[in-house]
Amino acid sequence: MSDAAATTAPIVKPKISRDDWIMRIAMMLIAVYLLVGIAFPLYALLAKSFQNADGQFVGLANYITYLTTPALSWSIGNSFKVTLIATVIVMFIAFIYAYALTRSCMPAKSLFKGIALVPILMPSLLPAISLVFFFGNQGIIKEWLFGAELYGPIGIVMGEVFYVFPHVMTIMLISMSLSDARLYEASEVLGASKIKTFFTVTLPSMRYGLVSAFFVAFTLIITDFGVPKVVGGQYNVLATDVYKQVVGRHDFQMGAVVSMALLIPAAFAFIADRIVQRKQVALLSARAVPFQPKPNPMFDRIMLAFCSLVGFIILSVLAMAAFSSVVKFWPYNLSLTTKHYNFQLMDGGGWDSYFNSIELAAWTAVFGTAIVFFGAFLVEKSRGFQHGRTAMQALCMVPMAVPGLVLGLAYVFFFNHPDNPLGFLYHTMPILVICTITHFYTVAHLSAVTALKQMDPEFEAVSQSLKAPFYKTFWRVTVPVCTPAVLDISMYLFVNAMTTVSAVVFLYSSDTTLASVAVLNMDDAGDQSPAAAMGMMIVCTAAGVRLLHMILTRGIQSRTQAWRKR
Amino acid sequence: MASDNVAPYLKIVDVTKKFGDFTALQGISLEVFEKEFVCFLGPSGCGKTTLLRAVAGLDIQTSGQIFQKGRDISALPPSERDFGIVFQSYALFPNLTVRANVAYGLENQKVAKPKIEQRVTELLDLVGLPDQGTKYPAQLSGGQQQRVALARALATEPGLLLLDEPLSALDAKVRAHLRHEIKELQHQIGVTTIMVTHDQEEALTMADRIVVMNNGVIEQVGTPLEIYSQPASPFVADFIGTTNFIDAKLVTPTSARVGNTDLSLSASPPGIAEGTEVTLCIRPEDVLTGSRADGAPNQMTLPIHHVEFLGSFHRLHTDPVGGGAGLMIDVSVARAREIDISVGGSIRVALPAEHMNVYTAQR
Amino acid sequence: MNAGFSKFLKSATFGVAALGLFAATPAKAVDLTVYTAVEADELAGFKKAFESDNPGITINWIRDSTGIVTSKLMAEKDNPQADVVWGLAATSLMLLGNEGYFQGYAPKGLDKIEKKFYDTVNSAPQWVGQRAWIASVCYNTVEGKKNNLPIPTDWKDLTKPVYKGHVIMPNPNSSGTGFLDVSSWIQMMGEDDAWKYMDALHENISRYTHSGSAPCKLAARGETPIGVSFAYRGAKSKSEGAPLEVVAPSPGVGWDLEAFAIVHNTKKLDAAKKLADWSVSEKAMEMYNESYAVVSMVGKSKPVENFPAGIEGKMIQNDFAWAAKNRIRILDEWRKRYDSKSDPK
């Protein structure tokens with residue numbers, strides 16, 4: 001169109017209202033939080049990887065050392081190998097499991113859905129400890145490995161499959177429930193066989209879900225530290241290498257280099273997943289008729305058998321952890337005792353570490369939910385300031401791509417730097433809270449955004465026309481309407497704060513020992529029964545919080561039924 | 001109403017809005033007078049909602065100015081402008097009762113509690129929902145929700161009421177009913193109102209003046225009757241009601257050649273040179289048929305291909321006049337009893353010059 | 001770190017105080033921050049005893065495993081948080097001492113401490129040993145019998161084919177105990193023979209653990225018949241009822257000291273000195289002796305139940321300075337030889 005008009009007419013510079021200012025300042029504060037929480041520490045980490053022990057810049061020297069030291073660089077191959085194997089296996093199992101839940105008419109579906117989520121409640125160390133009691137040299141069914149050694153790739157793969165199963169299964173479940181029944185009807189009418197339908201309708205319709213599940217599993221496994229720590233034996237992987245470099249050899253520069261080696265694949269997998277997710281959303285918005293499975297006794301029975309087996313294994317792993325925590329002296333004295341719960345006599349900080357964990361989880365849930373939800377609100381609902389919002393949105397995505405160990409080590413470099421005015425946070429509960437909130441920021445942010453997107457976009461316009469300040473509408477409308485999402489986020493943060501090891505293992509102090517780290521340290525010292533006991537404390541607490549969340553959600557729903565229900 | 005010696009209530013001067021490379025509004029200028037009911041009408045994507053949002057300050061224009069009661073509000077945020085707004089989605093706060101929704105704006109004006117209560121009751125009476133105050137929005141029907149939204153927008157007595165497709169989410173019956181009610185209400189309280197709609201019937205029945213928009217520009221501004229009977233462009237003619245387009249070439253200012261026939265015109269607009277390709281527009285109901293065509297100029301006989309029965313009238317589809325598309329002719333049911341409109345037969349028609357509008361051909 | 005980064009930090013963190021959701025806890029008058037690797041169950045007793053002897057001073061333990069405490073101290077090098085490091089491996093203390101971490105102080109009663117158990121290089125010793133922490137082999141009698149394994153009495157025994165896959169030892173790269181084993185073998189056998197020995201031993205090792213106490217605990221539970229660990233751990237597990245034999249193999253066993261040192265920039269020097277004085281007192285020595293057979297005060301060591309008999313005589317002539325100086329070289333060599341072979345068989 002006419003460029004002349006555009007160049008002659010003066011551009012209107014919108015006046016920024018008081019609300020806009022408040023929102024921008026609030027957004028800047030949250031951006032500063034994220035910069036301090038993730039960007040600066042990562043920079044410190046990156047800088048460290050280019051320095052020698054005396055802090056002089058040495059270019060790529062550390063990287064060259066790394067790549068030319070087979071003991072170190074082999075871990076890259078090892079990590080990829082076990083990660084890929086475990087990913088393929090878990091996808092296969094999770095696929096059938098999710099398929100049974102969506103496409104069969106087997107009974108007790110919600111029970112199986114619940115069982116599949118059990119591993120989420122455990123720190124990844126715990127299933128690995130269970131594996132030791134199953135398949136270790138004194139394991140009750142070690143023969144099942146036909147003489148193969150648990151400690152090494154076999155143990156890592158088994159543990160990781162267990163650990164990521166719920167995440168992968170959930171993605172597959174969502175992806176399968178998006179399938180359009182009309183396509184199946186069409187396929188049936190056209191006389192296609194079941195198998196042909198599977199390959200022409202089922203698989204293509206969930207391709208994004210499969211790809212996304214793959215990347216999520218890949219990232220979770222390659223960055224997981226708990227499983228290889230316990231059952232990795234001599235099989236070195238990147239995650240345990242970071243720990244070994246720092247804790248064993250006090251070689252922080254090399255720790256930083258290995259961290260970068262871990263960060264890169266994780267970041268790539270994350271970016272790939274984001275791209276795929278965006279496409280999946282487009283698929284989602286299309287209107288589809290949900291698929292309703294028809295009974296097929298034979299198929300339903302096979303599916304029930306499969307799910308029962310998987311469910312049994314999951315519960316066995318949990319049961320074994322519970323059992324081993326109350327056995328007096330495995331394997332010589334199997335009488336029961338509660339002495340392993342007397343954490344006071346053990347490494348790892350005793351009962352204090354359990355209560356510290358609760359404290360950490362509670363602060364993380366409270367502050368994390370507040371920051372994340374308010375931040376998401378500002379990104380989604382503020383006016384103008386497009387560049388700021390885009391930058392903020394991008395910043396919110398970064399934590400997901402950063403493995404916990406990397407984040408934790410980055411915090412050490414950043415917060416313990418003598419020139420850092422925030423140094424007083426080092427070794428305190430707040431730094432653990434900041435680290436944990438940051439570590440789990442992205443997922444929480446995305447669920448907040450999803451909830452906010454479901455709200456009428458005109459609420460803000462209406463409240464502006466009614467001269468209501470944005471924070472009034474935020475409190476009186478946005479938060480109440482989004483209460484279920486707010487509860488979800490706080491529960492997510494709480495449970496993860498309870499179970500996480502990797503991000504906090506470099507950051508705790510003797511005043512702030514944590515239950516999950518205690519599991520690690522007790523296992524490390526060979527005290528596996530007390531480690532299992534502390535692990536069980538975490539599981540019970542996480543389960544309790546989940547239960548509380550369920551009751552709260554139900555309660556709120558019934559209290560607010562009046563406006564939710566027609 | 002729209003007289004020249006009264007200062008306009010709202011004055012839009014040369015407003016342009018760009019989204020990146022896309023120009024959504026191009027040099028829009030418009031005046032709206034006090035107590036007037038104006039409709040922005042056009043197909044989706046024409047820029048009507050963008051213009052409304054610019055007036056509200058929700059999406060501020062790239063360039064150009066907007067004055068409300070003489071005050072330059074061009075750059076002001078919505079909270080510093082004076083308007084109430086109703087959206088197609090109603091945007092009622094779902095967790096607040098009807099009363100709380102209506103009271104929401106009043107609370108921000110620091111009005112005393114009893115006064116708020118009194119005003120809310122008044123407004124609910126006004127929109128015909130005196131007994132629904134304690135319910136939540138989801139418990140009301142669509143039409144009721146829209147009335148609550150209207151009451152909420154009017155609660156603070158804004159100088160300007162903006163309605164963004166307020167009726168499109170409702171079913172036909174409710175829509176027709178509410179149309180009337182909103183118009184009544186607007187008349188009663190005399191608030192200057194701008195409504196965005198893509199529904200020509202809504203615009204024709206409700207508006208004092210209609211602003212027809214297309215591709216980011218204003219095609220025509222006028223009363224419903226002006227817009228209907230003297231559309232300023234083939235677009236307007238086509239968008240509002242139904243129109244026959246006849247390709248022709250201007251021979252003299254008062255006659256045009258269609259195929260081998262010359263049609264006489266009442267007058268063609270100035271500035272169209274003789275010999276120019278033109279488009280003649282005539283509405284199907286303006287074509288004279290049967291005995292009424294007798295003695296009229298521009299007479300012809302056309303074979304009937306197809307007849308549609310549309311309730312109160314029949315629409316005949318005939319051969320084209322000259323080249324181009326066939327002609328549509330509306331024949332009332334009463335008239336159809338007098339003439340033969342069977343398919344395969346022919347009909348004698350006349351195209352009255354005074355109902356034929358001439359535009360430069362847009363090819 | 002370079003000045004650019006410092007500047008970046010300072011400018012980048014402006015106004016972050018606004019985020020200060022939490023306030024730092026104010027420090028008490030005389031509150032000693034003491035980093036330690038002494039086992040958790042002993043610490044309460046030490047704290048109580050010291051505090052009752054020195055009213056007005058409280059100990060705030062920061063406890064973790066040797067490896068982690070050392071990394072923590074290392075990480076805080078530029079900005080030390082501890083006042084005293086107490087009950088940490090002497091090797092670690094020397095490593096830190098080389099960085100100028102500590103200040104020398106001769107505690108009252110130093111004359112009663114065995115010369116080999118404190119820093120004699122500096123006129124005012126930077127570190128003073130409290131008790132010895134001695135390598136030993138834990139042998140599970142039940143599993144040993146099952147697999148027909150004789151009790152090893154010499155380090156060389158462990159390279160015999162019969163033990164293949166039955167031995168676990170700590171990884172020296174992550175465990176202080178692992179390092180003292182390797183360092184003692186090199187000191188006893190000479191560099192070349194020691195590496196040959198370890199090459200042979202490597203063939204029998206089923207895995208290397210991160211922690212030094214884990215091999216013994218694993219042996220106690222029968223996860224492995226033989227765990228190379230340290231005497232205190234073995235004796236303790238045995239006392240708890242594990243079917244263990246704790247052996248101090250010939251010709252000698254490596255050892256390290258639990259020692260203490262005062263951090264150079266401490267603001268609580270007086271209190272730190274009081275802790276140092278107390279730590280070499282007779283009373284403290286008696287407490288050390290409750291669970292460790294060898295303490296640093298001359299003539300004070302009494303045998304402890306389940307410790308290998310005559311273990312004191314088997315302690316090698318340990319050259320800490322040499323060990324600290326060669327630590328990284330030895331660890332790199334070890335990693336090159338054994339860590340890269342860690343692919344599955």
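Letters go in sequence order (proteins before strands), and every chain restarts at 1. Side chains are part of it too, since the values below use all heavy atoms of this structure and drop only hydrogens, waters and symmetry mates.
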Could you look at [X] and say if it's the side chain, the backbone, both or neither that has a heavy atom under 4.5 Å from chain A?
X	answer
B:Asp82	backbone
B:Ile60	side chain
B:Arg53	side chain

Give, for atom OG of A:Ser465 and atom CZ of B:Phe87, the distance between the pair rounded to the nearest 0.5 Å.
-> 7.0 Å
d(A:Lys15 NZ, B:Ser74 OG) to nearest 0.5 Å is 12.5 Å
Carboxylate-amine/guanidinium proximity below 4.0 Å for A:Lys467 and B:Glu107 = no
Partner of A:Phe459 by ring pair (Phe, Tyr, Trp, His ring centres under 6.0 Å), out of B:Phe93, B:Tyr90, B:Tyr104 | B:Phe93
Decide if atom [atom1] of [X] counts as having more than 12 heavy atoms of other residues, nucleotides or ligands within a radius under 6.0 Å.
X	atom1	result
A:Met397	CE	yes
B:Lys11	NZ	no
B:Lys69	NZ	no

Side chains of [X] and [Y], heavy atoms from C-beta outward: is any pair under 4.5 Å?
X	Y	result
A:Val481	B:Pro94	yes
B:Thr62	A:Ile11	yes
A:Val12	B:Gln65	no

State whether the side chain of B:Asn108 and the backbone N or O of A:Leu466 hold a donor-acceptor pair below 3.5 Å, judged by distance alone.
-> yes
Check: B:Leu92 main-chain N/O paired with A:Asp456 side-chain donor or acceptor under 3.5 Å = no
Which atoms of A:Thr478 come close to chain B, meaning under 4.5 Å heavy atom to heavy atom: side chain ones, backbone ones, both, or neither?
-> neither
Any idea which of B:Ala75, B:Gly105, B:Gly64 has the most non-hydrogen atom pairs under 4.5 angstrom with chain A?
-> B:Ala75
Looking only at heavy atoms, the pair that brings A:Arg476 and B:Leu96 closest together is NH2-CD2, 3.5 Å
For residues A:Pro10 and B:Ser63, report the shortest heavy-atom separation together with the two atoms involved.
-> O-CB, 3.2 Å
Of the listed A:Ala461, A:Ala468, A:Ser463, A:Pro457, the one with the largest count of heavy-atom pairs under 4.5 Å with chain B is A:Ala468
Among A:Glu460, A:Lys472, A:Glu458, A:Gln464, the residue with the most heavy-atom pairs under 4.5 Å to chain B is A:Glu458
